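These figures come from a predicted structure and were not determined experimentally. Atom set for the values below is all heavy atoms of this structure, side chains included, hydrogens, waters and symmetry mates excluded.
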2 protein chains.
Amino acid sequence: MEKEKTDKKDHILDVAEKVFSDLGFDGASTRMISGEAGVNMAMLNYYFGSKEGLFLAVFERKISSFQTLLQNIGNEGISSWEKLEKCIDKYVDRIIVNNCFQKLINREISISKRTDLSDKITEILMTNVLEFKKIFDEGIKSGSFHKDTDTQLLIATVFGTKNYIINAPQIASLLLGHDIRDEKFLEEKLKPRMKKYMKRLLKAYLMNDDDNEK
Amino acid sequence: MEKEKTDKKDHILDVAEKVFSDLGFDGASTRMISGEAGVNMAMLNYYFGSKEGLFLAVFERKISSFQTLLQNIGNEGISSWEKLEKCIDKYVDRIIVNNCFQKLINREISISKRTDLSDKITEILMTNVLEFKKIFDEGIKSGSFHKDTDTQLLIATVFGTKNYIINAPQIASLLLGHDIRDEKFLEEKLKPRMKKYMKRLLKAYLMNDDDNEK
DNA sequence: CCAATCCAATCAATCGATTGATTAATTTTG
DNA sequence: CAAAATTAATCAATCGATTGATTGGATTGG
């Protein structure tokens, strides 16, 4: 029976994630979510306290597993560049699977007013950001990366490039000549292509011939 | 008195643009907009028919100024790299001035419904996208840019890096150690820094030493 | 005077949240 | 073990607040 409970909560979270992703936080109503999940409205507040609590629960469930993923890479005994390559691989894999959730994040983070909620989102996202930054800084310190690297804007590039493709699918589809939402294209074509591209871009910027390496 | 009317409508549109940008379409209420604009609620429907009509009016007013930002540069008699540098300058200048409207665009384009609107947004955004693409392709053809450049993903990087900073100001502020919304910081620090960074990033990627230039 | 402009008041609908009652499951107790 | 007591889970009903929208009358200017 313990299992039942967890399953039900998980099911609510699944539905909530879908509805929030499609309609945004404000656009989604608790009635809609509870209705689609087949549970009573009061259950949402019973389980998650509030609409905001539900949203955060959706958020934290998705994000936590990725956090530890990046953190482990950061602690491995490999070169900074190798760490970076691994992070890119994991990151590209991740975001392409969960692209509807990513869209949700990017939409809600751009809302300025909802401070309590967006503060929490920011805090969670920052851990991933800082994990990348740590690797950049470490690489600069060890001399393997260009020493006047703008790590902060480079992070904007890493996350921004991905966001652009996921968040503006109409434009990305026109640009790439394929429907972005085609799973097969994403998995077989875009994923390896993005990995290769990001690595080449970062390598060119971090390790060009001005003062080190080759 | 015609003037009065136009001024008032324009003022409403100014406020609406700001509020929609901060809170999103669903998050913004017509009361809030009318209150902040100092007009009666009923005036919004009187002038614009509905909330959605107001939203569309905000867009259409801005739309015209958006086209042909980069088009002249493409036809100048200078090298591809020089064109690219000019485009970056113009682009960075531009987005920092209108960043709240940019936020609005980037948020609404990620919403799957409201197709009539997002089609229009897509069309407008594509003109700038294609201008960059034209320069990239031209540079590759002439041999000044690396020949296996992924121009399409590079465009995602150019626009995505900017979007990330504008759209996730909380994260960008934490990352940069300054409040992104500080006009002085934007103008005096971030703008030149972004220009320099983007040029160095593109140059490293487009003109590294694998097979051409230096 | 009349059409355009404006506004206070109000509309039905929906929002998130809470209530008290009821059932199911678990724990305690004799 | 079984009855009693307690806790957890679920429900229908409804709360006050707010939403976008509309009305009918006041005000204005030509």
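- Note on A:Y47: a side-chain N or O is less than 4.0 Å away from OP1 or OP2 of D:dT10.
- Atom OH in B:Y46 sits roughly 7 Å away from atom P in C:dA4 (whole-Å rounding).
- The nearest whole Å value for the distance from the CG atom in B:L23 to the C1' atom in D:dT18 is 15 Å.
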From CA spacing to verdict: salt bridge (charged side-chain N to carboxylate O under 4.0 Å, His left out), A:K184, A:D182: CA-CA 6 Å; A:K184 192 159 175 255; A:D182 173 16; over 6 Å; no
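- Atom CG in A:N40 sits about 13 Å away from atom C1' in C:dT22, given to the nearest Å.
- When each of A:M32 and A:A42 is assigned the nucleotide of DNA chain C with its nearest heavy atom, A:M32 is the one assigned upstream, toward the 5' end.
- Note on B:S50: every side-chain N or O is 4.0 Å or more away from OP1 and OP2 of D:dG20.
- Per the geometry, CE belonging to B:M41 stands 16 Å off P belonging to C:dC6, to the nearest Å.
- The residues A:D150 and B:K196 are annotated as not salt-bridged, no charged nitrogen and carboxylate oxygen being separated by less than 4.0 angstrom.
- Within the structure, every side-chain polar atom (N or O) of B:K8 is placed at least 4.0 Å from both OP1 and OP2 of C:dT5.
- Here the C1' atom of nucleotide D:dC15 and the CG atom of A:N45 are 13 Å apart, to the nearest Å.
- A donor-acceptor contact closer than 3.5 angstrom links the side chains of B:T157 and A:Y197.
- Ring planes of A:F145 and A:W81: perpendicular class, angle over 60° (limits at 30 and 60°).
- Considering only side-chain N and O atoms, B:T30 lies under 4.0 angstrom from the phosphate OP1 or OP2 of D:dG20.
- For the pair A:I12 CD1 and D:dC11 P, the computed distance is 10 Å after rounding to whole Å.
- A straight line from CG of B:L44 to C1' of D:dT22 spans 13 Å, rounded to a whole angstrom.
- As a whole-Å value, the separation of B:F55 CZ from D:dT19 P is 17 Å.
- Remark: A:R31 is not in phosphate contact with C:dG16, judged by side-chain N or O atoms under 4.0 Å from OP1 or OP2.
- Aromatic ring pairs are classed by plane angle as parallel below 30°, tilted from 30° to 60° and perpendicular above 60°; the pair B:F159 and B:F132 is perpendicular.
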